[in-house]
Amino acid sequence: MAVRKFKPTTPGQRHKVIGTFEEITKSAPEKSLTVGKRSTGGRNNEGHLTMRYLGGGHKRRYRFIDFKRNKDGVPARVKSIEYDPNRSARIALLYYADGYKAYIIAPNGLQVGATVESGENVAPELGNALPLSSIPVGTLIHNIELRPGQGACMARSAGTFAQLTSREGTYAIIKLPSGETRKVLAACRATIGVVGNSDHALEQSGKAGRSRWLGRRPHNRGVVMNPVDHPMGGGEGRQSGGHPRSRNGLYAKGLKTRAPKKQSSKYIIERRKK
């Protein structure tokens with residue numbers, strides 16, 4: 001994965017940095033694994049605007065991703081690496097030996113024609129999914145479950161990974177991309193490797209129109225509003241707006257929003273870096 005820059009032939013091209021898409025091998029998705037995705041425009045079931053600055057954007061089809069990887073003992077061949085408009089990572093289409101098809105998040109280095117497996121006794125190799133109890137300590141992993149059988153919910157974005165640092169009884173100690181260190185049941189599954197498309201963080205849209213293609217409408221700051229609209233609004237001339245806070249008055253810098261008696265806090269060994 002690499003990025004390309006453009007000559008400043010237009011104002012939009014001047015700061016534009018996008019991916020090369022060189023790893024993508026197929027343009028159209030597997031139709032049986034997709035479904036049409038309706039856009040809400042930020043409205044709820046009554047038609048009221050509940051999320052601001054959303055709307056428009058290119059029409060999308062949702063790709064069903066196999067986050068559970070519970071088809072044990074059946075090898076699968078990587079048929080293609082594809083683009084997914086619903087996430088930053090690339091996805092890989094798997095053809096299982098018994099004819100079953102599935103999409104997974106494509107780890108960095110996974111090639112078309114490679115074979116991946118899932119299960120308790122498979123080798124800890126790139127793209128294989130196995131319980132944390134079977135993964136060697138120090139391995140870089142992604143697509144981590146929080147509860148056994150729930151499906152992966154951590155370390156799924158482009159370029160992210162976690163590291164299995166140690167084990168304590170029935171728990172595995174994992175260092176997450178945020179810097180948080182926490183316990184996860186060793187029966188939970190994870191996939192070996194780092195999520196691909198790691199240069200996604202280097203991309204720059206170059207123009208406002210690319211944000212509109214993604215369904216993001218213009219976002220106006222609180223300090224330019226009136227006092228009736230935002231706690232940071234008002235003032236003669238360009239006033240700073242006071243302490244940064246949300247539209248509802250909740251402090252935005254430094255206020256801890258995590259519930260103090262949250263049940264899962266006992267599994268967190270070290271909080272994320274600020």
Side-chain angles (χ1 to χ4, degrees), residues 1 19 63-70 84 86-92 102-110 116-120 122-203 246 250-274:
M1 173 65 189
R63 281 83 164 157
F64 292 108
I65 311 294
D66 181 14
F67 287 117
K68 294 191 175 182
R69 296 291 299 276
N70 53 9
D84 188 350
N86 306 299
R87 64 192 73 251
S88 58
R90 306 292 183 232
I91 57 176
Y103 276 124
I104 63 167
I105 300 287
N108 201 14
L110 190 70
V116 296
E117 279 188 271
S118 60
E120 197 168 335
V122 303
E125 297 173 351
L126 181 68
N128 287 354
L130 50 161
L132 293 169
S133 57
S134 303
I135 298 177
V137 172
T139 305
L140 300 183
I141 54 177
H142 66 280
N143 275 13
I144 308 159
E145 292 181 327
L146 259 181
R147 298 178 187 84
Q150 180 191 29
C153 58
M154 295 187 291
R156 305 190 330 190
S157 301
T160 58
F161 62 89
Q163 187 172 25
L164 178 63
T165 56
S166 63
R167 292 192 188 87
E168 288 182 10
T170 57
Y171 288 92
I173 311 300
I174 293 176
K175 188 175 179 65
L176 295 171
S178 64
E180 177 179 298
T181 304
R182 67 165 292 148
K183 293 180 180 180
V184 178
L185 279 169
C188 292
R189 296 197 175 195
T191 307
I192 307 296
V194 178
V195 182
N197 196 24
S198 55
D199 287 338
H200 174 75
L202 304 176
E203 294 186 12
S246 73
L250 201 66
Y251 283 139
K253 305 283 186 181
L255 180 71
K256 290 184 178 179
T257 56
R258 185 179 174 89
K261 295 182 180 179
K262 195 164 184 176
Q263 184 266 341
S264 61
S265 293
K266 60 185 177 183
Y267 300 115
I268 298 175
I269 298 171
E270 186 180 351
R271 288 300 307 274
R272 63 185 173 87
K273 305 285 190 295
K274 287 189 178 179

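All values below come from the heavy atoms of this structure, side chains included, with hydrogens, waters and symmetry mates left out.
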Restricting to non-hydrogen atoms, name the atom on [X] and the atom on [Y] that form the minimum distance, rounded to 0.1 Å.
| X | Y | value |
| --- | --- | --- |
| Ile65 | Ile105 | CG2-N, 4.1 Å |
| Leu126 | Leu110 | CD2-N, 3.7 Å |
| Ile104 | Asp66 | CG2-O, 4.1 Å |
| Ala89 | Val195 | CB-CG1, 3.5 Å |
| Leu132 | Leu185 | CD1-O, 3.7 Å |
| Gly19 | Glu203 | N-OE2, 3.4 Å |

Item to complete: Kindly write out the residues that satisfy side chain to side chain contact (heavy atoms under 4.5 Å, CB included) with Arg271, not counting sequence neighbours, or none if the list is empty.
Response: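 Applying side chain to side chain contact (heavy atoms under 4.5 Å, CB included) to Arg271 gives Glu180, Arg258, Ile268.
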
Fill in: Pro136: side chain to side chain contact (heavy atoms under 4.5 Å, CB included) partners, not counting sequence neighbours
Pro124, Thr139

Under 3.5 Å, is there a donor-acceptor pair between the side chain of [X] and the main chain of [Y]?
| X | Y | value |
| --- | --- | --- |
| Asn128 | Ala123 | yes |
| Thr165 | Ile173 | yes |
| Ser88 | Ala158 | yes |

Extract all donor-acceptor atom pairs below 3.5 Å that involve side chains of residues 143-152 and protein atoms in other chains or at least two apart in sequence.
| unit_1 | atom_1 | unit_2 | atom_2 | d |
| --- | --- | --- | --- | --- |
| Glu145 | OE1 | Gly149 | N | 3.4 |
| Glu145 | OE1 | Arg189 | N | 2.9 |
| Glu145 | OE2 | Gly151 | N | 3.1 |
| Gln150 | OE1 | Arg147 | N | 3.4 |

Worksheet item: What pairs of residues pass the ring-ring contact (aromatic ring centres under 6.0 Å, His included) test when at least one of them lies in residues 122-163, not counting sequence neighbours?
Response: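 Those involving residues 122-163 do not exist here.
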
Worksheet item: Are Leu176 and Arg182 side-chain neighbours, meaning at least one heavy-atom pair lies under 4.5 Å?
Response: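 Touching, per the 4.5 Å side-chain cut-off.
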
Worksheet item: How would you list all residue pairs meeting salt bridge (charged side-chain N to carboxylate O under 4.0 Å, His left out) that involve residues 158-173, not counting sequence neighbours?
Response: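 Qualifying pairs, neighbours excluded: Glu168-Lys183.
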
Discussion item. Is it true that, when you exclude Lys68 itself, more than 12 heavy atoms of the residues, nucleotides or ligands shown sit nearer than 6.0 Å to its NZ?
Written reply: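 No, not enclosed.
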
Worksheet, complete the sentence: With sequence neighbours left out, the residues meeting salt bridge (Lys or Arg N to Asp or Glu O under 4.0 Å) with Arg87 are Asp84

